Number of protein chains: 2
Amino acid sequence: MTDDALRRELLDIPPTDPAVDRLVEEIIGRVADKWTMLLIEILTERGCCRFGELSRACEGISQKMLTQTLRAMERDGLVTRTVYPVVPPKVEYRLTDLGLGLSKAFCGVWIWAEENFRRIEQARSDYAERKAAEGGAG
Amino acid sequence: MTDDALRRELLDIPPTDPAVDRLVEEIIGRVADKWTMLLIEILTERGCCRFGELSRACEGISQKMLTQTLRAMERDGLVTRTVYPVVPPKVEYRLTDLGLGLSKAFCGVWIWAEENFRRIEQARSDYAERKAAEGGAG
DNA sequence: CGGAATCCGTATTGATACTG
DNA sequence: CAGTATCAATACGGATTCCG
């Protein structure tokens, strides 16, 4: 039995349907994204953020990508977007329950990265060294 | 206390260092990728795959992206690449312990997607409807 | 002033043909 | 079979512009 099948049995997930598989992969493709993960992390920590705050917290993101990513997240039901009709304008973003669930799921990936980044750095230098040796000798 | 701080305390993760944060984010940026996740899922299920097998299993990926993604994964120590000097050529890819750990971490995201894809579809149609209403009335 | 849409140069990605 | 080379398409990021 594959790990996947075992997991399905343990968790009582209904057997896989090809159409559902495609849909799940499409969703994975959408949320498995650097900026999405980063925004979810920030929103999880702060609870509620204005656009400018996200822009500052999500270092390196352009205004365009921030807007684009937030729109996609809103569309997928991961965040709510609340506009306050005040001057100056104020828009707040907050994770929905769905987004919070994804945040919990992502949490494991963050922990993995925090625990293993040294091993990855080591792997990278090993790889570079190996390639250099091959280039010189092979 | 933020969720993040609480998580750190519960899991005994050392306090965050800005330089480490950047590194962790860089790693997240690299592994939080559609193809990387898909390849890890496939390799977890099958244990060991040839290039062509991955190419067929990872539907929609181009040869170029497959090569590129596998190289990055090899470089980061997530997979091993074994070349058999036979004709026709045979190259096998397999997850390392590090890659298996990441697979476990990703598992939560897959389960989340499998459990919630209907809610996301619903959110998408709600969003479309809402936008259509705004366009017509607003 | 805060937030979103547009234009345009650059970097990544994808489809195809070709090689060992 | 397992890649590499090449060129077209697309996505990205920055500056600018527009809106309230």
Side-chain angles (χ1 to χ4, degrees), chain A residues 22 25-26 28-39 42-43 46 48-76 79-94 127 130-131 134-135 138, chain B residues 22 25-39 42-43 46 48-76 79-94 127 130-131 134-135 137-138:
Chain A
R22 293 298 154 275
E25 281 177 17
E26 189 270 334
I28 291 285
R30 188 168 297 278
V31 302
D33 168 80
K34 176 185 177 177
W35 298 129
T36 302
M37 287 195 69
L38 215 40
L39 286 172
I42 293 164
L43 285 166
R46 309 197 183 191
C48 184
C49 284
R50 296 181 61 174
F51 186 89
E53 194 180 349
L54 289 174
S55 187
R56 267 170 273 118
C58 200
E59 212 165 330
I61 198 171
S62 67
Q63 224 180 27
K64 185 181 182 177
M65 282 310 295
L66 180 54
T67 298
Q68 198 171 304
T69 306
L70 284 170
R71 281 269 185 279
M73 290 170 74
E74 189 195 355
R75 190 174 98 94
D76 290 347
V79 299
T80 56
R81 177 172 178 275
T82 309
V83 182
Y84 296 91
V86 297
V87 178
K90 181 174 162 181
V91 178
E92 284 186 342
Y93 295 89
R94 180 186 291 275
Y127 182 85
R130 191 151 19 104
K131 285 300 155 189
E134 280 176 23
Chain B
R22 293 296 154 275
E25 282 177 16
E26 188 269 334
I27 289 168
I28 291 283
R30 188 167 295 277
V31 302
D33 168 79
K34 175 185 178 178
W35 299 129
T36 302
M37 287 195 67
L38 215 39
L39 285 172
I42 293 165
L43 285 167
R46 309 197 182 192
C48 184
C49 285
R50 297 181 62 171
F51 186 89
E53 195 180 348
L54 290 174
S55 188
R56 267 170 273 117
C58 200
E59 213 167 327
I61 197 171
S62 65
Q63 247 182 359
K64 184 180 179 176
M65 282 310 295
L66 179 55
T67 299
Q68 198 170 304
T69 306
L70 284 170
R71 283 269 186 283
M73 291 171 73
E74 189 195 355
R75 191 177 95 94
D76 290 347
V79 299
T80 55
R81 176 173 178 274
T82 310
V83 181
Y84 297 90
V86 297
V87 178
K90 182 174 163 183
V91 178
E92 283 186 343
Y93 294 89
R94 179 186 293 274
Y127 182 84
R130 189 151 21 102
K131 285 299 156 189
E134 280 176 24

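Below, chain A is the first sequence line, B the second, and so on; all start at residue 1. Since this is a predicted model, take the numbers as computed values, not measurements.
The phosphate of C:dT13 has OP1 or OP2 within less than 4.0 Å of a side-chain N or O from B:Gln68. A close approach under 4.0 Å does occur between a side-chain nitrogen or oxygen of B:Arg81 and OP1 or OP2 of D:dG3. Applying the 4.0 Å criterion to OP1 and OP2 of D:dA2, one finds that B:Arg50 has a side-chain N or O inside that range. The side chain of B:Arg56 places no N or O atom within less than 4.0 Å of a non-bridging phosphate oxygen (OP1 or OP2) of D:dC1.
B:Asp33 places its CG atom 13 Å from the P atom of C:dT12, with the value rounded to the nearest Å. Whole-Å rounding puts the B:Leu66 CG to D:dG3 P distance at 8 Å. Here D:dT4 presents its C1' atom at 9 Å from CD of B:Gln63, a figure rounded to the nearest Å. Atom CG of B:Leu70 is separated from atom P of D:dG3 by 8 Å (rounded to the nearest Å). Atom pair A:Trp35:CH2 and C:dT12:P shows a separation of 13 Å (rounding to whole Å applied). Per the geometry, NZ belonging to B:Lys131 stands 9 Å off P belonging to C:dA5, to the nearest Å. For the pair A:Leu54 CG and C:dA4 P, the interatomic distance rounds to 10 Å; values are reported in whole Å. Summarising the geometry, the separation between OH on B:Tyr93 and C1' on D:dG3 is reported as 8 Å, rounded to the nearest angstrom.
With a 4.5 Å cut-off on side-chain heavy atoms, B:Lys34 and A:Glu25 do not count as touching. Counting only heavy atoms from C-beta outward, the side chains of A:Arg30 and A:Arg75 approach each other to under 4.5 Å.
Here the side chain of A:Ser55 pairs no donor or acceptor atom with the backbone of A:Phe51 at under 3.5 angstrom.
Out of C:dA5, D:dG13, D:dA2, the shortest distance to the side chain of A:Met65 is found at D:dG13. Relative to the side chain of A:Pro89, the nucleotides D:dG20, D:dC1, C:dA4 differ in distance, and D:dG20 lies closest.
The two residues A:Cys48 and A:Glu53 make their nearest non-hydrogen contact at O-OE1, 4.1 Å. Heavy-atom minimum distance, B:Tyr93 versus B:Leu54: CD1-CD1, 4.0 Å.
Taking the nucleotide of DNA chain D with the nearest heavy atom to each of B:Val91 and A:Lys64, the more 5' of the two is matched to B:Val91.
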